[in-house]
S.K.: 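Have a look at the structure that comes next, please.
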Amino acid sequence: QFPRQCATVDALTRGECCPDLSPVVVPGSDRCGSSSGRGQCVQVTADSRPHGPQYMHDGRDDREQWPLRFFNRTCQCNRNFSGYNCGACRAGWSGPACDQQTQIVRRNLLDLSNEERNRFLRALQQAKNTIHPDIVIATRRREEILGPDGNTPQFENVSIYNYFVWSHYYSVRKTFLGPGQQSFGGIDFSHEGPAFLTWHRYHLLQLERDLQDMLQDPFFALPYWNFATGRNTCDICTDDLMGARSNFDTTLISQNSIFSQWRVLCEEIDDYDTLGTICNSTEGGPIRRNPAGNVARPMVQRLPEPQDVALCLEVGLFDTPPFYSNSTDSFRNTVEGYSDPSGKYNPAVRSLHNLAHLFLNGTGGQTHLSPNDPIFVLLHTFTDALFDEWLRRHNPDISIYPLENAPIGHNRRYNMVPFWPPVANNEMFVTAPGNLGYSYEVQWPTRALQVTEIITIAIVTALILVAIIFAAATCIVRARRNKDDLHQPLLTDQYQTYSDDYDSIPTPSHSMV
Ligand SMILES: O=C(O)c1cc2cc(O)c(O)cc2[nH]1
């Protein structure tokens, strides 16, 4: 959420988060790397357009008009520079001057070599155990952020992976309305609206960047899990990948996997909601996962099919009013999984991304916890690959992304909560290969014909055949007639004519003779 340098009474009181880039004698003399022309400290631009009717407690939530409740000045970086102090490069650029273009390829986890798979697992393990070098998390709402004495900022260190978990939790947490009052749950800055795809795209980019920095390898790429193979099993749930099922407790991960040792963040959701606190970096119990094991909901005991992927990519509109989880004919609501794969909204349906989450049936199936299960990363890279393929095929103009009246947090120019420095939804509404420095290696399924289409094609083919036969028969009859005409003996014709005409020839008059 916020850079360590800005988690101070002074920065919060001034509302300014513009850290120096290089260590300086006079604090503030290299804010945003201004001495080397990398950036400058500017006023934050926050979206103030109206949001949809789902949220009606304006004024009560720190995430409104993000990040203005905390800071109103931030770094704006020049050229390809980026980051909280302009010390980094924009996605897709590298080198000391950020002028070298880089492209990385996100590949299917199952297509990686053993060496590549192990490297990915080691990176996750290291990230789970390495304190984030730059970022700290708030453990209290803005009202209480300076602590009981007004001089003790309520922030904590968090590991790189747990920051990924915490950001997701913070974006979905309920609005606290006061002691003794029920927290309001009809709010979600990262789901059930157009920002679902842009938010999760940035969430992954940020983790990928953090892992690249940790590994000092700008070419490290996150892999993906193709959850729509039609096989209905978690094919990555093996001990050499994301962990098999434990033999001792079917809802746990096998002891042979490193992930059986992982402990989850943000479990105490009832406490946060009743006390008005915020999840901190304290870990709790193990990851729970029971793929296809939800006997109470047979509908989520299966995974999506390749056909579902092919169908959703044909939905032509990005999103449709009310830009919510009941939108119909919306690509976003279809890939998110609240509509059937052809785009029709149906409250009883769970498909694609949602179905993959619910199939996991455990930590990965609950929004406030799901990134604790590292399968989340792979499930979302595949969802992002679908988004990118849709952008490539439909080449939409940004004007189709709603500027206003989307649920709070989902308008085009809303800064995505709780990322820092501020980044708006529209910045992620671009094709990844040319703009964000990565691409996907995926073989997309082609769509099988539906029954109605097969019937239509059969009828049209039959009609064409009948027309051809009719035309051919007509030609043959005509040809026969012509042929018959040609073979009539000429003399007969003449005789006929003469004899026919004979009667009309006047008989010579004797008088004339
Ligand atoms: O019930 C759903 O459709 C559902 C569960 C779930 C969990 C999760 O982490 C998500 O990101 C989405 C989601 N949808």
Side-chain angles (χ1 to χ4, degrees), residues 54 161-162 164-174 185-204 206-207 224-225 227-228 234 242 251 262 264-267 269 272 279 287-304 308 312 324-328 330 332-341 343-387 407 409-410 416-419 428:
Q54 301 83 5
Y161 193 86
N162 284 350
F164 181 71
V165 175
W166 186 92
S167 327
H168 194 261
Y169 150 80
Y170 192 82
S171 75
V172 303
R173 62 179 277 263
K174 294 181 181 175
I187 188 165
D188 189 326
F189 289 79
S190 54
H191 303 84
E192 301 184 57
F196 165 70
L197 291 165
T198 48
W199 191 96
H200 284 87
R201 167 168 279 198
Y202 189 78
H203 191 219
L204 292 169
Q206 177 210 253
L207 176 69
Y224 66 84
W225 171 39
F227 54 67
C234 180
M242 307 315 286
T251 68
W262 281 32
V264 314
L265 213 64
C266 307
E267 269 181 334
I269 190 121
Y272 316 139
C279 161
I287 297 170
R288 298 255 164 211
R289 191 195 292 160
N290 182 10
N294 191 342
V295 286
R297 271 180 95 180
M299 201 187 80
V300 301
Q301 288 184 302
R302 53 174 282 270
L303 280 169
D308 302 343
C312 87
Y324 191 47
S325 45
N326 57 353
S327 290
T328 200
S330 143
R332 187 275 313 158
N333 208 34
T334 306
V335 77
E336 186 169 1
Y338 291 107
S339 291
D340 76 27
K344 293 287 164 265
Y345 169 66
N346 176 348
V349 158
R350 284 295 182 274
S351 66
L352 293 153
H353 151 269
N354 279 342
L355 184 54
H357 269 293
L358 296 173
F359 174 86
L360 294 176
N361 188 30
T363 306
Q366 302 165 67
T367 43
H368 64 289
L369 290 177
S370 50
N372 279 294
D373 186 333
I375 289 184
F376 178 102
V377 176
L378 303 158
L379 185 164
H380 272 281
T381 37
F382 188 65
T383 308
D384 184 61
L386 276 158
F387 177 33
H410 292 256
M416 293 178 275
V417 178
F419 302 127
M428 292 295 113

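Remember, it's 1-based here, ligands and their atoms both numbered in the order they're listed.
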S.K.: Minimum heavy-atom separation for Asp340 to Thr334, with atom names?
M.R.: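 That closest heavy-atom pairing would be O-CG2, 3.4 Å.
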S.K.: Ser370 heavy atoms, cut-off 4.0 Å: which ligand 1 atoms fall inside?
M.R.: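 Counting from 1, the qualifying ligand atoms are 8 (C), 9 (O).
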S.K.: Quick check on ring pair (Phe, Tyr, Trp, His ring centres under 6.0 Å): which of Phe164, Phe189, Tyr272, Phe376 does Tyr169 satisfy it with?
M.R.: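 The residue from Phe164, Phe189, Tyr272, Phe376 that satisfies ring pair (Phe, Tyr, Trp, His ring centres under 6.0 Å) with Tyr169 turns out to be Tyr272.
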S.K.: Tell me the contacting part of Leu369 for ligand 1: side chain, backbone, both, or neither, using a 4.0 Å heavy-atom threshold, strictly below.
M.R.: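 The answer is neither.
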S.K.: So which heavy atom in the protein is nearest atom 8 (C) of ligand 1, and how far is it from that ligand atom?
M.R.: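 Protein heavy atom at minimum distance: Thr367 CG2, 3.4 Å.
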S.K.: Regarding ligand 1, does Arg350 bring an N or O atom to under 3.5 Å of one of the ligand's N or O atoms?
M.R.: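 The answer is yes, given that Arg350 and ligand 1 share an N or O pair closer than 3.5 Å.
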S.K.: Going from CD on Glu336 to CZ on Arg350, what distance comes out if it is rounded to the nearest 0.5 angstrom?
M.R.: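 Answer for the CD-CZ pair, Glu336 versus Arg350, is 9.5 Å.
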S.K.: Decide whether an N or O pair under 3.5 Å exists between His357 and ligand 1.
M.R.: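 Yes, at least one N or O pair falls under 3.5 Å.
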S.K.: Taking only heavy atoms of Asn354 into account, list the atoms of ligand 1 that are under 4.0 Å away from them.
M.R.: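 The atoms of ligand 1 under 4.0 Å from a heavy atom of Asn354 are 3 (O), 4 (C), 12 (C), 13 (C), 14 (N).
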S.K.: Scan Asn361, Thr251, Asp373 and name whichever one has a side-chain hydrogen bond (donor to acceptor under 3.5 Å, both in side chains) with Arg289.
M.R.: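 By the side-chain hydrogen bond (donor to acceptor under 3.5 Å, both in side chains) criterion, Arg289 pairs with just one of Asn361, Thr251, Asp373: Asp373.
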S.K.: Identify the protein heavy atom lying closest to atom 11 (O) of ligand 1, giving its residue, its atom name and the separation to 0.1 Å.
M.R.: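 Here the nearest protein heavy atom works out to His191 NE2, 3.0 Å.
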S.K.: Would you please classify the geometry between the His357 ring and the His353 ring as parallel, tilted or perpendicular, with 30° and 60° separating the classes?
M.R.: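 Perpendicular: the ring planes of His353 and His357 meet at over 60°.
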S.K.: Within ligand 1, which atoms have a heavy atom of Gly365 less than 4.0 Å away?
M.R.: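 Checking each atom against Gly365, I get 5 (C), 6 (C), 7 (C).
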S.K.: Examine distances only and state if a side-chain atom of Ser171 and a backbone atom of Val417 form a donor-acceptor pair shorter than 3.5 Å.
M.R.: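 A pair under 3.5 Å: no.
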S.K.: Of all the heavy atoms in His353, does at least one lie under 4.0 Å from an atom in ligand 1?
M.R.: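 The answer is yes, since His353 has a heavy atom less than 4.0 Å from ligand 1.
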S.K.: Parallel, tilted or perpendicular for Trp199 and Phe419, by the 30°/60° rule?
M.R.: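 Because their plane-to-plane angle lies in the 30° to 60° range, the rings of Trp199 and Phe419 count as tilted.
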